[in-house]
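Data first, discussion second: the structure below is written as structure tokens.
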Amino acid sequence: MKVDGKIGIGQAIMVMMLTIGITNHVTVIPLLLSKAGRDAWLSVLLAGIPFSFWAYLLFVVNRNMKQRSLHEWLSKRSGKIVNNLLLVPIMICLYMMALTNLIDTQTWTTVNYLPRTPEWVTALALMGLCILAAIGGITSVGITAGILLPVVVMLGFFVAFGNIPKKDYSLLLPLFQHGYRPLLHGMLYVGGGISEMFLLLLLQPHVRKPFRLVHFLIMLGITLLLTLSPLTGAIAEFGPVESARQRFPAFEQWRLLTIGKDIENMEFFSIFQWLAGAFIRITICLLLLGDLLTFRTRKQRKFMMIFLGGSMIAFTSLPFSDMQFVSFLTHVYYPLYLAIIVVITLALMLVTLRKPSKQEGIGHDP
């Protein structure tokens, strides 16, 4: 194994699978079902068409960056104002990605298996581990993802195939009972989840080799599959009406799983799946935030990680209900996140198409 402070492309994809998988597998699905109902699975498939083009735009930008950090690349290709106008929204998005996942994890933990444990204790324990991992660097995150992901995937196949006798895929039809509007609403939330692939641009400087177009398309396919599989499973097992009422449909599928007549209540496996994804997601967001803030010393970076993590714990302690949080995700977070990432992608394309001056091009080509 090379010791150069970077990870391989395979490790990067595994990190991305856990980072994006936890939100597309868990957080997006209840929003999709509540807005699109039975048509939700078709929203996922159709969203792959426009986002294939978006993935190509990301690839073009990534190729032009030549494995430089986004901050360094923008500082050479644009002015300070443009640099800040693009980087500040990205940093806010990274912060919100970690915060919303921490809140969701905290809620799920309290409701399902630690009802008497103070919520701040749960948040502190998880955030403490994430801060330590983020300070440790991308290498430790890549190795950890390589260990966790195979187990997460095997457990996913286990619950998917184990529940086949309880699934009725005829419940996926008929479509368009309420017209085309639910389908379009569903595509909005699918897009909010897929747009997190933007992290590939931020992760590229930590990867030994440049991402190619095939890597962006593979990641897009994986993201769609991670959303489609538990979504169709929830509809086939519970029906479109009941699954739309559930807060965590992917978790409820574990409650149905049994082995024979004597082994049941295996939903504790989902705890490993969820915490593995939450740990990697929050850690990588903290790490990438540290990159964009460009601290001069390791000590400054460490203190900022602690400050960011502490502020997230403070936010989770604010007096809001889970219904208010879900409403925020539905009406504010995912639509706004999608809009911001699309606008930033188009802006980066304009920066890419801008012809660099001779001074900008000196000394920066690999």
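Atom CZ of F325 has more than 12 neighbouring heavy atoms from other residues, nucleotides or ligands inside a 6.0 Å radius. The number of heavy-atom neighbours closer than 6.0 Å to CZ of R212, taken from other residues, nucleotides and ligands shown, is 12 or below. By the neighbour-count criterion of 12 heavy atoms within 6.0 Å, atom CZ of F268 is densely surrounded, having more than that number from other residues, nucleotides or ligands. Heavy atoms from other residues, nucleotides or ligands lying under 6.0 Å from NZ of K166 number more than 12.
Put simply, CD1 on I131 and CG on L308 are 8.5 Å apart, with the number rounded to the nearest 0.5 Å. Rounding to the nearest 0.5 Å gives a distance of 15.0 Å between CH2 of W41 and CD1 of I29. How far CD1 of I271 is from CG of L114: 7.5 Å, rounded to the nearest 0.5 Å. The distance from atom CE of M14 to atom OG1 of T19, rounded to the nearest 0.5 Å, is 12.0 Å. To the nearest 0.5 angstrom, T144 atom OG1 is 10.0 Å from Q11 atom CD.
Contact record, S140 with G137: OG-O, 2.8 Å, taken as the closest heavy-atom pair. A pairwise comparison of heavy atoms in W54 and I194 identifies CZ3-O, 3.7 Å as the closest pair. The minimum heavy-atom distance between Q253 and N163, with the atom names listed, is O-ND2, 2.8 Å. Here the closest non-hydrogen pair linking L200 and M16 is CD2-CG, 3.7 Å. Nearest approach of R208 to Q67, heavy atoms of both residues: O-NE2, 3.3 Å.
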Self-check item: side chain to side chain contact (heavy atoms under 4.5 Å, CB included) between L256 and F238, worked out
Solution: CA-CA 10 Å; L256 294 181; F238 304 108; 3.6 Å; yes
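None of R301, M91, E72 except one satisfies the side chain to side chain contact (heavy atoms under 4.5 Å, CB included) rule with D291; the exception is R301. With respect to L228, the side chain to side chain contact (heavy atoms under 4.5 Å, CB included) criterion is satisfied by exactly one of L224, L226, T232: T232. Under the side chain to side chain contact (heavy atoms under 4.5 Å, CB included) rule, T223 has a single partner from V44, V190, N24, which is N24.
No hydrogens or angles considered: nothing links the side chains of Q106 and W120 as a donor-acceptor pair under 3.5 Å. With 3.5 Å as the limit, one finds no donor-acceptor pair spanning the side chains of R247 and N112. A side-chain donor-acceptor contact under 3.5 Å links T23 and Y334. Checked by atom type, the side-chain pair N83/R77 shows no donor-acceptor distance below 3.5 Å. N62 and Q204 are linked by a side-chain donor-acceptor pair at a separation below 3.5 angstrom, with hydrogens and angles left out of the test.
One hydrophobic cluster holds both F328 and L102 under the rule that ILVMFWY side chains link at heavy-atom gaps under 4.5 Å. Residues V332 and Y95 share a hydrophobic cluster, clusters being chains of Ile/Leu/Val/Met/Phe/Trp/Tyr side chains in contact below 4.5 Å. Side-chain heavy atoms closer than 4.5 Å link hydrophobic residues (I, L, V, M, F, W, Y) into clusters, and following such links, possibly through other members, connects L203 to L213. Note: the hydrophobic cluster containing I218 also contains I20 (ILVMFWY, side chain heavy atoms under 4.5 Å, direct or indirect links). Under the 4.5 Å side-chain heavy-atom criterion for ILVMFWY residues, no single connected hydrophobic cluster contains both F59 and L350.
A centroid separation of 6.0 Å or more is found between the aromatic rings of F307 and F303. For W108 and Y113, the ring centers sit closer than 6.0 Å to each other.
Taking 4.0 Å as the cut-off between side-chain N and carboxylate O, D104 and R281 do not count as a salt-bridged pair. One finds no salt bridge joining D39 and R181 here, because no Lys/Arg side-chain nitrogen approaches an Asp/Glu carboxylate oxygen to under 4.0 Å.
Between W254 and F269, the two ring planes are tilted [angle within 30° to 60°]. Ring orientation note: the planes of F161 and F157 are close to parallel, at an angle under 30° on the 30°/60° scale.
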